[in-house]
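One-based numbering, in listed order, for ligands and for the atoms of each.
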Amino acid sequence: MITSVRENGNYSCSECHGKTGNPPITDKYDKQTRNLAGQNYQYLRTQLNHFKFARRDTKEMANTLQDYSAEEINQIAFYFSQQPQKTCLSTPP
Ligand code: HEC
């Protein structure tokens with residue numbers, strides 16, 4: 001059982017989504033990276049499989065899930081579903 005995506009030897013998720021799935025606000029990508037922290041496990045698992053099998057087409061997410069087995073995808077979804085969601089991601093002016 002992985003306790004973080006980093007331990008799974010993959011750094012790519014945290015680069016965009018943050019280590020705990022609370023993404024920084026950035027205009028680096030065409031689409032705003034989404035919050036994963038505390039999202040529903042089944043929902044996350046379904047979306048990850050959609051990206052893996054290119055049923056959901058997002059260029060930022062293309063090829064990020066290909067190397068993960070079904071079991072690893074379940075674990076990634078579980079990991080992010082258990083992370084506390086930050087209520088405010090940036091300090092208002
Ligand atoms: C290059 C940046 C980037 C990387 C690396 C990346 N993502 Fe994403 N991810 C995005 C963006 C941007 C979106 C929003 C896509 C959209 O709006 O359709 C997204 C969407 C998602 C979603 C859908 C969330 C929702 O609310 O529907 C999940 C789940 C997800 N990413 C998980 C991951 C995981 C797990 C990894 C690592 C294996 C990863 N991402 C790596 C940029 C990235």
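- Residue pairs meeting the salt bridge (charged side-chain N to carboxylate O under 4.0 Å, His left out) criterion with at least one member in residues 38-58, sequence neighbours excluded, do not occur.
- With atom 3 (C) of ligand 1 as the reference point, the heavy atom nearest to it among Cys16, Gly21, Pro23, Ala62 is part of Cys16.
- Tyr68 and Glu72 make their closest contact through CA-OE1, 3.3 Å (heavy atoms, listed as atom of the first residue, atom of the second, distance).
- The backbone and the side chain of Glu60 each have at least one atom closer than 4.0 Å to an atom of ligand 1 (non-hydrogen atoms only).
- The two atoms that bring Thr33 and Pro23 nearest to each other are O-CG, 3.6 Å, heavy atoms only.
- Residues Gln85 and Ala37 approach most closely at OE1-O, 3.4 Å, considering heavy atoms.
- Looking at Gln39 next to ligand 1, an N or O pair under 3.5 Å apart turns up.
- Taking all atoms of both residues into account, the shortest heavy-atom contact from Pro24 to Gly18 is CD-N, 4.4 Å.
- Here the closest heavy-atom approach between residue Thr64 and residue Glu60 is recorded as CG2-O, 4.0 Å.
- Within the listing of ligand 1, atoms 29 (C) sit less than 4.0 angstrom from a heavy atom of Leu44.
- Within the set Met61, Glu15, Arg34, the minimum heavy-atom distance to atom 6 (C) of ligand 1 is found for Met61.
- Polar contact check, Gln47 against ligand 1: no nitrogen or oxygen pair lies under 3.5 Å apart.
- In this structure, His17 has a heavy atom closer than 4.0 Å to ligand 1.
- Between Asn35 and ligand 1, no N or O atom pair is found at a separation short of 3.5 Å.
- For ligand 1, the atoms sitting less than 4.0 Å from at least one non-hydrogen atom of Leu48 are 29 (C), 32 (C), 35 (C), numbered in the order shown with element in parentheses.
- Here the closest non-hydrogen pair linking Asn74 and Tyr41 is O-CE1, 3.3 Å.
- Side-chain atoms of Leu44 and Phe78, non-hydrogen and from C-beta on, never get closer than 4.5 Å to each other.
- For ligand 1 and Leu36, the ligand atoms under 4.0 Å from any heavy atom of the residue are 22 (C), 24 (C), 28 (C), 29 (C), 30 (C), 32 (C).
- Heavy-atom contacts of Tyr68 reach the following atoms of ligand 1: 38 (C) (cutoff under 4.0 Å).
- Close contacts of ligand 1 with Ile76, meaning ligand atoms under 4.0 Å from a residue heavy atom, involve 35 (C).
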